[in-house]
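All remarks here apply to the structure that follows.
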Amino acid sequence: MHLHRLERVWLTFGAAILVLFLATITTAAVVEGFVPPSHVQSIDPAKVRVTPPFDKPGLHRLASGSYEAYYVAAIFSFSPHELVVPLGSHVTFYVTSTDVVHGFSVPETGINTMVTPGWVTTVSYTFRKRGRFLLVCNEYCGIGHQTMADAIDVR
Amino acid sequence: MTTATVGSFAPRAYTRAHAIASENILVSAHIYTATAALVLGALFGLLQGLSRANVFAMPAWFDYYRVLTAHGVLMALVFTTFFITGLMTFSTYRAIPRVRSVTLGWWGYLVMLAGTIVTALTILSGNATVLYTFYAPLKAHPAFYIGATVLVAGTWLVAADILLNVAWFQKTNKGKRIPLPAFVSATTFIMWIIATIGVTLEMGLLIPWSLGWTPGIDVELTRTLFWYFGHPLVYFWIMGAYLIWYNVVPTTYGGKVFSDALTRLAFIMLLVLSTPVGLHHQFLDPGISAGWKWFHTILTYGVVIPSFMTAFALFASFEIAARRAGKRGLVATVRWLPWRDPVFTGSALGMILFIFGGFGGIVNSSYSMDVLVHNTMWIVGHFHITVGGPVALSFIGAAYRLVPAITGRKLFTPKLALAQTYTYFVGMLIMSMSMHVAGLLGSPRRTSDVTYFGAAGAASWHVEMVGAAIGGTILFVSILMFAVVAVGTRFRDERADERDEFVFAGTEAEAMQSPPALDKLGRWALLALALAVVAYAGPVHELLSTPHQLVPGMRTW
């Protein structure tokens with residue numbers, strides 16, 4: 001098959017970019033643990049409110065000094081409301097839904113994950129900035145979707 | 001010597017000319033249905049843009065999300081699909097001239113149309129406000145799922161028509177290569193058949209559930225089946241645009257296809273690599289471990305190769321033709337191209353938009369980087385500057401050649417057509433860039449109002465929404481201009497002549513030879529299917545082997 005010399009150069013360049021990109025994200029994943037939220041844990045969506053830890057939504061301090069936050073998403077609100085987080089704390093969020101698919105996004109932080117009924121999703125973040133952060137549902141969930149928002153207060 | 005045949009009662013022969021006439025009516029049906037979907041979809045798009053910019057709020061009896069669902073379905077599924085079925089039916093028929101029957105083609109069209117009407121009415125009546133991704137457990141009226149399945153079934157009949165014509169050609173022309181436009185159409189529809197297996201299986205779960213026959217639905221499984229289909233859907237659109245770029249655009253500047261072999265190879269690679277990549281739409285989904293997502297990322301990046309091949313082939317075709325005309329150098333070549341021919345500008349401006357689309361696509365498919373943009377307006381900006389940009393604008397540009405060919409009439413108001421391509425380009429740049437920026441600022445997609453009761457974190461988004469509404473208004477006007485030209489041509493008195501004849505580009509002489517193995521479509525189809533199975537067996541097995549609940553579902557609108 002005839003392949004023009006310039007095309008060979010061009011395709012080699014393309015392949016090199018491809019390898020470089022893949023090497024970058026693979027290194028970031030393996031070395032830094034930089035992977036998308038991919039928690040594999042199921043839960044009965046009908047029993048979320050009586051299943052620990054979601055029976056007590058809110059922020060919980062662990063013995064290690066870091067925090068875990070348990071959130072329940074349901075049309076059209078999050079529970080807990082107005083989470084207060086101490087400045088500088090490392091928080092792992094556990095989120096699940098009792099009804100339809102929701103999103104869990106804190107725009108200014110990079111916290112962003114899908115919340116699907118029947119599954120528990122997790123995402124971690126260290127709050128290094130003081131202030132009131134907007135938490136929004138960023139997956140369409142019904143007629144009141146645009147009101148499904150809350151705040152995280154970092155003090 | 002001449003012999004008169006007066007008084008002869010020989011049966012009138014059905015000739016190629018008759019076949020062309022019936023082909024043209026069938027193709028017109030597809031193209032005008034696509035145009036109708038585009039105009040209606042654009043109107044709904046305009047309403048959303050203005051509503052999201054808080055110019056007005058949609059009334060409760062015709063709410064934002066219903067309009068959003070209709071816009072998504074009409075644009076992403078109806079306009080694109082009908083245009084591609086029309087374009088590729090046309091390309092196959094013309095590339096394989098034959099005294100043929102168009103009965104199977106008509107069945108395909110009518111089944112598609114029936115499915116479309118049922119789906120559209122279900123959405124407009126407010127019984128399927130589930131957006132075009134219909135994520136379970138949002139539970140639409142069964143007619144929505146049934147209508148969509150019928151639409152897909154119609155496309156299979158069109159696919160069968162195209163593939164049977166190609167098979168006929170191979171049988172009757174032993175040793176000859178499948179003509180390039182027919183080859184492109186066949187690979188596209190083989191890919192489409194493999195892709196639609198996913199959504200058909202999903203419908204097999206959704207339909208009985210929506211009818212109340214099954215108590216619950218497997219949410220993650222339906223999402224995975226949807227995206228098994230949803231990403232190759234993107235390549236279905238792109239392969240339609242590529243057919244135009246490779247085979248039609250060179251005729252606007254007297255150019256040729258750069259390489260027969262590389263064109264075939266690019267389409268084979270798209271056929272093989274389109275399906276096993278869908279998990280990059282589910283990077284943030286629980287229930288699927290990170291390893292499988294990483295695996296799909298690698299395969300997603302594989303599409304870089306046919307994309308680079310296409311970019312090279314297109315620019316090489318420009319340059320070779322320009323040199324033949326005595327132009328050398330970048331500036332002279334660009335200036336020499338026919339920037340006043342809407343068939344050319346539709347595609348060429350689309351190619352410029354595709355550069356932004358490609359850049360954004362790399363971000364979205366980059367595994368960990370996706371977290372920054374997932375479900376934000378960035379994604380909306382991305383698919384508008386891909387399917388709404390290069391794909392739709394190339395389709396519209398090609399229509400300025402196609403519509404005269406199938407209606408037998410001269411193009412109505414060619415200057416309006418030319419202005420249409422430029423206004424569309426400008427409108428799309430403004431709208432899409434505003435959406436990209438809004439997304440980087442964190443604005444969520446699929447939300448009727450993003451003011452969040454005046455929350456400080458949402459304050460920076462409004463100005464971008466105004467930008468998107470301005471771009472969207474320009475786009476709406478531009479699409480109306482296209483409709484005027486397309487419909488006006490149909491009702492014009494002036495007949496088309498030889499200059500309006502639809503021809504496909506020839507191939508550069510030294511690049512005619514290509515390996516016969518590329519035409520063994522059955523083998524490539526099996527390879528594509530095998531790769532899809534390999535890519536999905538792991539994550540689906542993981543999903544099914546983790547005990548989890550079915551979800552009853554509900555109507556939340």
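Bear in mind the structure is a predicted one, so any value in this text is a computation, not a measurement. Lettering of chains follows the sequences in order, A, B, ..., and the numbering in each one begins at 1.
- Contact annotation: the side chain of B:Ile305 approaches that of A:Leu18 to within less than 4.5 Å [non-hydrogen atoms, C-beta and beyond].
- Looking only at heavy-atom pairs under 4.5 Å with chain A, the residue among B:Thr376, B:Asp218, B:Asn375 that has the most is B:Asn375.
- Pairing each heavy atom of A:Leu134 with each of B:Gly457, the nearest pair is CD2-C, 4.2 Å.
- Residue contact with chain B, scored on non-hydrogen atoms closer than 4.5 Å, is absent for A:Ile111.
- Heavy-atom neighbours of A:His60 NE2 from other residues, nucleotides or ligands within 6.0 Å: above the threshold of 12.
- Residue A:Val106: no heavy atom, backbone or side chain, is found under 4.5 Å from chain B.
- In this structure, A:Asn112 and B:Leu284 have side chains that are in contact, with non-hydrogen atoms separated by less than 4.5 Å.
- Within the 4.5 angstrom heavy-atom criterion, only side-chain atoms of B:Val219, from C-beta onward, approach chain A.
- Along residues 21-30 of chain A, the residues that come nearer than 4.5 angstrom to chain B, judged on non-hydrogen atoms, are A:Phe21, A:Leu22, A:Ile25, A:Thr26, A:Ala29 in order of number.
- The distance from atom OG1 of A:Thr116 to atom CZ of B:Arg223, rounded to the nearest 0.5 Å, is 6.5 Å.
- Of the listed residues (A:Ser38, A:Gly14, A:Ala15), the one with the most heavy-atom contacts under 4.5 Å to chain B is A:Ser38.
- The choice from B:Arg555, B:Met369, B:His548 that makes the most heavy-atom pairs within less than 4.5 Å of chain A is B:His548.
- With a threshold of 4.5 angstrom between heavy atoms, B:Tyr64 does not approach chain A through any atom at all.
- Among B:Thr69, B:Thr129, B:Leu68, the single residue meeting the side-chain contact (heavy atoms from CB on, under 4.5 Å) criterion with A:Tyr140 is B:Thr129.
- Within a 6.0 Å sphere centred on CH2 of B:Trp294, heavy atoms belonging to other residues, nucleotides or ligands number 12 at most.
- Counting only N and O atoms by type, the side chains of A:Gln146 and B:Ser448 include a donor and acceptor under 3.5 Å apart.
- To the nearest 0.5 Å, atoms OG1 (A:Thr147) and CG (B:Asp449) are separated by 10.0 Å.
- Using a 4.5 Å cut-off on side-chain heavy atoms (C-beta onward), B:Gln549 and A:Ser42 make no contact.
- Of all heavy-atom pairs spanning A:Val100 and B:Pro137, the tightest one is CA-CG, 3.7 Å.
- Annotation for A:Phe34: atom CZ does not count as buried by contact number, only 12 or fewer foreign heavy atoms lying within 6.0 Å.
- Looking at B:Ala313, there are no atoms closer than 4.5 Å to chain A (heavy atoms on both sides), in backbone or side chain.
- With a 4.5 angstrom heavy-atom cutoff, A:Phe133 does not touch chain B via any of its atoms.
- Using a 4.5 Å heavy-atom cutoff, the side chains of A:Ile143 and B:Asp63 are in contact.
- For the options B:Tyr301, B:Tyr65, B:Phe283, heavy-atom pairs under 4.5 Å to chain A are most numerous at B:Tyr65.
- Counting non-hydrogen atoms of neighbouring residues, nucleotides and ligands closer than 6.0 angstrom, the CZ atom of A:Arg5 reaches no more than 12 such neighbours.
- The choice from A:Pro117, A:Gly118, A:Gly110 that makes the most heavy-atom pairs within less than 4.5 Å of chain B is A:Pro117.
- Counting heavy atoms from C-beta outward, B:Met309 and A:Glu7 have side chains that approach closer than 4.5 Å.
- Between the CD atom in B:Glu220 and the CH2 atom in A:Trp119 there is a gap of 7.0 Å [rounded to 0.5 Å].
- Within the 4.5 angstrom heavy-atom criterion, no atom of B:Val450 approaches chain A.
- Of the two parts of A:Glu139, the backbone and the side chain both hold a non-hydrogen atom closer than 4.5 Å to a non-hydrogen atom of chain B.
- Within the 3.5 Å criterion, the main-chain N or O of A:Val35 finds no donor-acceptor partner in the side chain of B:Lys293.
- Neither the backbone nor the side chain of B:Arg66 comes within less than 4.5 Å of any heavy atom of chain A.
- Taking every heavy atom of both residues into account, B:Val371 and A:Pro37 meet most closely at CG2-CD, 4.2 Å.
- For the set B:Pro286, B:Gly291, B:Gly442, B:Pro547, the entry with the most heavy-atom pairs within less than 4.5 Å of chain A is B:Pro286.
- Looking at B:Ile288, only its backbone comes within 4.5 Å of chain A, counting heavy atoms on both sides.
- Note: B:Asp285 leads B:Asp285, B:Val304, B:Val130 in heavy-atom pairs under 4.5 Å with chain A.
- Scanning all heavy atoms of the two residues, the minimum distance from A:Pro45 to B:Val551 falls at CG-CG2, 4.0 Å.
- The two residues B:Tyr452 and A:Cys137 make their nearest non-hydrogen contact at OH-O, 4.3 Å.
- Interatomic distance, B:Ile362 CD1 to A:Ile17 CD1, rounded to the nearest 0.5 Å: 7.5 Å.
- Of the atoms belonging to B:Gln282, not a single heavy atom falls under 4.5 Å from chain A.
- Taking each heavy atom of A:His4 and B:Phe258 in turn, the nearest pair found is CB-CZ, 4.1 Å.
- For the atom pair CE of A:Met114 and OH of B:Tyr135, the computed distance is 6.0 Å after rounding to the nearest 0.5 Å.
- Interface summary for chain A: among B:Trp557, B:Phe308, B:Trp292, the most heavy-atom pairs under 4.5 angstrom belong to B:Phe308.
- Note: A:His145 leads A:Gln41, A:His39, A:His145 in heavy-atom pairs under 4.5 Å with chain B.
- Of the two parts of B:Ala290, the backbone and the side chain both hold a non-hydrogen atom closer than 4.5 Å to a non-hydrogen atom of chain A.
- Note: A:Ile75 CD1 to B:Met554 CE = 4.0 Å, rounded to the nearest 0.5 Å.
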